[in-house]
Amino acid sequence: MTSSPVHPFELFGIGGLLSGEELEIQRTVRTMGERELRPHVADWFEEGAIPARELAKRLGEIGVLGMHLEGYGCAGTNAVSYGLACLELEAVDSGLRSLVSVQGSLAMYAIWKYGSEEQKRQWLPGMAAGDTIGCFGLTEPDAGSDPGSMRTTAKRQGTDWVLNGTKMWITNGSVADVAVVWARTDKGVRGFLVPTGTPGFSAPDIKKKLSLRASVTSELVLDAVRLPADAMLPEARGLSGPLGCLNEARFGIIFGAIGAARDCLETALSYAAEREVFARSLSSYQLTQQKLADMTLELGKGMLLALHLGRLKDSGELSPERVSLGKLNNVREALDIARQCRTILGANGITLEYPVLRHANNLESVLTYEGTSEVHTLVIGRTLTGEAAFR
């Protein structure tokens, strides 16, 4: 007996949990991704290069850059709409969602949340339009999970600041017009807006990546970079500033990882229905159906978790610990889904003709950046026990 197949999200009734406006935003981003991004993304991944400036301009035109921020040319959508946009972008490729996350949730959010009115007016409208690209410099070669051990310094010389140091694994670095750089001062960690044309600033690209190849990843080198006093973000003091930005970016990842997993599962479902093995469709075998059912369970639960956290964010109740729950679960499960889908595709799964191994490679990076799975595990453990297993 056969019946018409049902999409995994339909099985969970996901569409009924979204408003008309949220569904329209999701459709807009998905349509743009399918028509304009997906036909090229395998080539971008293989070449290890993307037309970042053209993409930023187009993403600005559809209003997804800093879309959850208010004013200064930003769309001012709710958190769930922003999450759905991240989901659709990462369904194409994690590198494309990273471009949007870094632009909107790290660089733009840092200026919007901690900047002066003059800084906001100077940078945010152009960044929302995609005319200006930003990057976010926190991670260093020897300071990833422990940003408090950063070595980049900012020292006063007269009324100016002079920055020295190196940042690592910086998305958008070599194409950015402005870098939000966090540095140690004699009064703690502070954030600075560094125009990338400033003497002493350079951003060499990181090559030979096996993951996030459709994304610009760079090192930031600051060699006696001199900035005026008003380059400092006035409202950010200590590590709470950059960590607040990271929570914004992690929220987008909670939805984005589900997009990558959904794309893998949709690919596996389609492939299994068409592939014949021993004169029967691959999808008709019990072992295949068990894989598909198990993956659908995890995908649906992850989507429900993302939506719940989005509603909490919109009501002002999303704590950092809850963000850790979502990031840890959804990226981990998305990576497992991508790997399992590869087994359904067999040898075809290792080619760029299908997206599953590309997604799996990308998710290996997503599992690490914006807080490793180990750190998020310990954040949850600290919340449950009251005991900190790390500083």
Side-chain angles (χ1 to χ4, degrees), residues 7 26-59 62 64 85-103 130 133 169 171-172 174-175 205-218 252-253 255-275 282 295 299 331 334-369:
H7 188 276
Q26 183 178 18
R27 279 193 294 267
T28 297
V29 179
R30 182 166 192 170
T31 298
M32 181 267 189
E34 292 297 320
R35 291 178 179 175
E36 303 178 38
L37 304 177
R38 190 177 294 277
H40 309 290
V41 71
D43 290 335
W44 293 337
F45 188 93
E46 186 169 33
E47 294 162 6
I50 61 169
R53 287 208 162 272
E54 291 86 345
L55 289 175
K57 182 66 176 175
R58 183 69 182 103
L59 291 164
I62 66 170
V64 300
C86 289
L87 184 154
E88 294 301 340
L89 288 168
E90 194 147 357
V92 180
D93 193 85
S94 300
L96 302 175
R97 196 268 311 145
S98 293
L99 188 160
V100 170
S101 287
V102 169
Q103 178 86 343
I133 297 178
W169 310 114
T171 298
N172 300 346
S174 65
V175 296
D205 279 337
I206 297 172
K207 301 292 188 180
K208 299 183 179 180
K209 296 183 297 179
L210 297 176
S211 178
L212 292 180
R213 292 179 56 78
S215 178
V216 175
T217 310
S218 311
I253 291 171
F255 278 84
I258 293 299
R262 186 197 70 189
D263 193 50
C264 291
L265 183 52
E266 288 175 345
T267 300
L269 283 164
S270 175
Y271 182 90
E274 297 173 1
R275 175 78 176 194
L282 182 58
M295 290 188 288
L299 179 70
V331 180
L335 183 55
D336 283 347
I337 287 171
R339 291 167 173 165
Q340 191 74 279
C341 286
R342 208 288 305 161
T343 70
I344 292 176
L345 270 68
N348 285 317
I350 72 165
T351 76
L352 285 173
E353 295 298 314
Y354 298 91
V356 291
L357 195 58
R358 173 169 54 81
H359 281 308
N361 281 9
N362 287 336
L363 288 166
E364 289 287 356
S365 291
V366 180
L367 190 71
T368 296
Y369 72 22

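Computed over heavy atoms, backbone and side chain alike; hydrogens, waters and symmetry mates excluded.
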- Determine whether D93 and L37 make a side-chain contact, defined as any pair of heavy atoms from C-beta on separated by less than 4.5 Å. no
Taken in chain and number order and not counting sequence neighbours, the residues that satisfy ring-ring contact (aromatic ring centres under 6.0 Å, His included) with W169 are none
P355 and T267 have their tightest heavy-atom pair at CG-OG1, 3.5 Å
Heavy-atom nearest pair, L96 first then L89, reads CB-O, 4.3 Å
Hits for side-chain hydrogen bond (donor to acceptor under 3.5 Å, both in side chains) against T31, two or more places apart or cross-chain, chain-then-number order -> none
Across all chains, not counting sequence neighbours, the side-chain contact (heavy atoms from CB on, under 4.5 Å) partners of S174 are A203, D205, V216, S218
Return yes if a side-chain donor-acceptor contact under 3.5 Å exists between S98 and Y369, otherwise no.
-> yes
Taken in chain and number order and not counting sequence neighbours, the residues that satisfy salt bridge (Lys or Arg N to Asp or Glu O under 4.0 Å) with R27 are E24
Sub-3.5 Å donor-acceptor pair from the side chain of N362 to the main-chain atoms of L212, do we have one? yes
Residues passing the ring-ring contact (aromatic ring centres under 6.0 Å, His included) test with Y354, sequence neighbours excluded, are Y271
Closest non-hydrogen contact found for L210 with N361 is O-ND2, 3.2 Å
Heavy atoms of E34 and P39 approach each other most closely as O-CD, 3.4 Å
task = Answer whether the closest heavy-atom distance between the side chains of V64 and E88 falls below 4.5 Å.
result = no
Quick note, salt bridge (charged side-chain N to carboxylate O under 4.0 Å, His left out) partners involving residues 263-273, not counting sequence neighbours, are R30-E266, R38-D263, R262-E266
Problem - Residues R358 and E46 bridged, charged N to O under 4.0 Å - result: no
